[in-house]
Enquirer: 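First the structure, then my questions, so here it is.
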2 protein chains.
Amino acid sequence: MYNSHKIGALIILISITITHMQSSKKEGYFNPGVTVDVAIFTIEDNTLKILLIKRANEPFKGTPALPGGFIHKGESSLETAERILADKAGVKNVYIEQLYTFDESERDPRGQIISIAYFALVPREKLGIHEGSRTENPEFVSVENLDKLAFDHKKIIAYALKRLGDKILYTNIAYSLLPQSFTFSQLQKTYEIILGAPIDKRNFRKKFIQLDMIEETNEKLTGKRQRPAKLYRFKKKMPEKLKRFF
Amino acid sequence: MYNSHKIGALIILISITITHMQSSKKEGYFNPGVTVDVAIFTIEDNTLKILLIKRANEPFKGTPALPGGFIHKGESSLETAERILADKAGVKNVYIEQLYTFDESERDPRGQIISIAYFALVPREKLGIHEGSRTENPEFVSVENLDKLAFDHKKIIAYALKRLGDKILYTNIAYSLLPQSFTFSQLQKTYEIILGAPIDKRNFRKKFIQLDMIEETNEKLTGKRQRPAKLYRFKKKMPEKLKRFF
DNA sequence: GGTATATAGTGTACTTAGAACACTAAGTAG
DNA sequence: CTACTTAGTGTTCTAAGTACACTATATACC
């Protein structure tokens, strides 16, 4: 009777340890908790937006945060990120890459929990009209007005923005933000939004034609109060490096 | 008596779980093991070399591998990497940055163990004449002749080499491979080794002077059977981005 | 001491890419 | 049918990259 109480106490101890994501092993070794957070970007209304949820639980309950979660057993971090993309943004087969692993010790009040951060790009058209309305209420927010965020997520977003700004200059990832076909103006706007600076129209077109990344379709965008614009598409919708850019 | 056996059994179970680096939690959540591996490069005998150890334990006992280890409690992954650098290469305060987190499920036969990989650059002069001679026998090996390596370490090294080749083109990290003062020829050789291609001497000098990264010292390198070479030093020995390069 | 040898050090012409810049074209709105 | 809005197009100038060959100054060796 006394002994079985002891067992009960032990089990409680174990569950506490696990809740804290820290199972102490012999001599200093232990496993930190491992989460995945995803910075999901899209362009809407001529601004770069990122998907944020309101945290349903402590810590930071109610505070906006990147969608994320713990790695499941048998899952790679990429698979975790894709699961989060499907669950929170309702999309799959979008551009995604690992960003950085954040693990400064004070980043999570629950203890030593690392975050393998990913960043993803989604064309606006792939997203439903308005995302889920659970308590988490995921929504796309302009990266210009980010208030207080949970954990170190502001830092993660800053890092993601830097990566995005760099990569758009030497890869073709712009394809992953644009619809299947698009006008030259839309394409240029995408670059201007991400780079945060206007670009000369003629130089931009010259450069892009030289890069040979896109081709004309036979269609034009009509119905606007202006000369119809030719529609283009990317020749390849796979990530690749370019020689250089601007 | 019977009950205390039960406790014993429980404790064994726990230790097995921990040894496998997997503590199963409620519903799919669990903590993978977290290790840090470090790709430590230096230049010696006009080749790029990387530090490898022979694994002292299973799995892959006896096979060459990157120096690495589990994160200790309270340690960030960067601190782990720095500890490994000190223990295995005997250096500190060298260039180090996080590379990538490798976590494909089959990478470690012990189960789900992720590796936060770092890469470090060490000038040859900072390393002792010959490194430790424990069973691990750390030694610098030319990146040209890498045999079978433990885990996915070949992949990690390939990734590190790509990063190094990229970064030497748009940052000043070359400073972290060179001694305090050096000749223009040594500097150029460093670039040629990392890029794997010869560079025109006049263009290289022109470019480097234009970049304004280095300055003359008052010294010359004499004692060689040739015209003495001026010695230069880097103006700043801190990582910074350049506009562009070659 | 003189000669061979090895690496240090320097300048110019050509080619390519980037930057600056303004007008005409073709639709819809009213 | 006129006003308005965005689409579409070339040229000049400047900066950077590339290709290329000879002279300078030390030590090694005879």
Side-chain angles (χ1 to χ4, degrees), chain A residues 43 45-46 165-166 168-172 178-179 181-193 195-233 241-246, chain B residues 43 45-46 165-166 168-172 178-179 181-193 195-233 241-246:
Chain A
I43 289 181
D45 302 333
N46 281 342
D166 286 349
I168 204 162
L169 291 179
Y170 67 90
T171 73
N172 63 346
L178 284 159
S181 66
F182 48 86
T183 68
F184 236 119
S185 298
Q186 285 175 280
L187 180 63
Q188 179 173 344
K189 201 78 199 169
T190 301
Y191 276 80
E192 289 177 333
I193 289 166
L195 296 173
I199 304 171
D200 178 85
K201 198 183 356 179
R202 281 164 294 189
N203 292 341
F204 182 84
R205 289 166 112 95
K206 199 200 311 175
K207 180 75 195 185
F208 236 88
I209 287 162
Q210 175 202 327
L211 284 172
D212 197 36
M213 279 164 54
I214 60 174
E215 60 191 3
E216 289 187 21
T217 68
N218 295 326
E219 322 240 337
K220 291 195 175 194
L221 181 66
T222 56
K224 295 278 171 60
R225 184 194 182 184
Q226 67 220 224
R227 176 172 172 179
K230 282 185 194 164
L231 286 167
Y232 293 80
R233 71 169 81 90
K241 279 199 183 178
L242 313 174
K243 283 177 287 201
R244 199 176 276 169
F245 218 95
F246 295 108
Chain B
I43 289 180
D45 303 332
N46 281 343
D166 286 350
I168 205 162
L169 291 178
Y170 67 88
T171 72
N172 63 346
L178 284 158
S181 65
F182 49 85
T183 67
F184 237 119
S185 298
Q186 285 175 279
L187 179 63
Q188 179 172 343
K189 201 78 199 170
T190 301
Y191 277 79
E192 289 177 332
I193 289 166
L195 297 173
I199 304 171
D200 179 85
K201 195 175 15 169
R202 281 165 293 189
N203 292 341
F204 182 83
R205 289 165 112 96
K206 198 201 308 177
K207 179 74 194 184
F208 236 89
I209 287 162
Q210 175 202 329
L211 285 173
D212 197 34
M213 279 164 53
I214 60 174
E215 60 190 3
E216 289 188 20
T217 68
N218 295 325
E219 322 240 337
K220 291 193 174 194
L221 181 65
T222 56
K224 295 280 171 58
R225 182 195 183 182
Q226 67 220 222
R227 175 171 172 179
K230 282 185 194 162
L231 287 166
Y232 293 80
R233 71 170 80 91
K241 279 198 183 179
L242 312 174
K243 282 177 288 201
R244 200 175 276 169
F245 219 93
F246 294 108

Enquirer: Please give, in whole Å, the distance from dG10(D) P to Q210(A) CD?
Expert: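 For the pair Q210(A) CD and dG10(D) P, the rounded distance is 16 Å.
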Enquirer: If you look only at pairs with a residue in residues 196-206 of chain B, which of them pass as a salt bridge (Lys or Arg N to Asp or Glu O under 4.0 Å), with sequence neighbours excluded?
Expert: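 Pairs touching residues 196-206 of chain B that pass the test: none.
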Enquirer: Within the pair K207(B) and dG17(D), is there a side-chain N or O less than 4.0 Å away from OP1 or OP2?
Expert: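 Affirmative; the distance criterion is met.
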Enquirer: I want to check something: taking the side chain as every heavy atom from C-beta on, are M213(B) and F208(B) in contact at a cut-off of under 4.5 Å?
Expert: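 A side-chain contact exists here, since the closest heavy-atom pair is under 4.5 Å.
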Enquirer: Just to verify, what does E219(A) make a salt bridge (Lys or Arg N to Asp or Glu O under 4.0 Å) with, not counting sequence neighbours?
Expert: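 In terms of salt bridge (Lys or Arg N to Asp or Glu O under 4.0 Å), with neighbours along the sequence ignored, E219(A) is linked to no residue.
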Enquirer: Judged by atom type as modelled, is there a donor-acceptor pair below 3.5 Å linking the side chain of T217(A) to the main-chain atoms of L231(A)?
Expert: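 Flag set: sc T217(A) to bb L231(A) pair under 3.5 Å.
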Enquirer: Can you tell me the distance, in whole Å, between the CZ atom of F208(A) and the C1' atom of dG8(D)?
Expert: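 After rounding, the reported distance stands at 17 Å.
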Enquirer: For R225(A) and dA7(D), what is the distance between atoms CZ and C1' respectively, to the nearest whole Å?
Expert: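 Nearest whole value for this atom pair: 15 Å.
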Enquirer: Which whole-number value in Å describes the distance from L187(A) CG to dT6(D) P?
Expert: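 L187(A) atom CG is separated from dT6(D) atom P by 18 Å.
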Enquirer: Closer than 3.5 angstrom, by distance alone: can the side chain of E192(A) be matched with the main-chain N or O of I199(A) as a donor-acceptor pair?
Expert: yes
Enquirer: What's touching nucleotides 8-13 of chain C from the protein side, N or O pairs under 3.5 Å?
Expert:
residue	atom	partner	partner atom	Å
dA8(C)	OP1	S185(B)	OG	2.6
dA8(C)	OP2	S185(B)	OG	2.5
dA8(C)	N3	R227(B)	NH1	3.4
dG9(C)	OP1	K230(B)	N	2.8
dG9(C)	OP2	R205(B)	NH2	2.6
dG9(C)	O5'	R205(B)	NH2	3.2
dG9(C)	N7	K201(B)	NZ	2.8
dG9(C)	O6	K201(B)	NZ	3.2
dT12(C)	O4	K206(B)	NZ	3.4

Enquirer: Please report whether the ring centroid of F182(A) lies less than 6.0 Å from that of Y232(A).
Expert: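 When the ring centroids of Y232(A) and F182(A) are compared, they turn out to be at least 6.0 Å apart.
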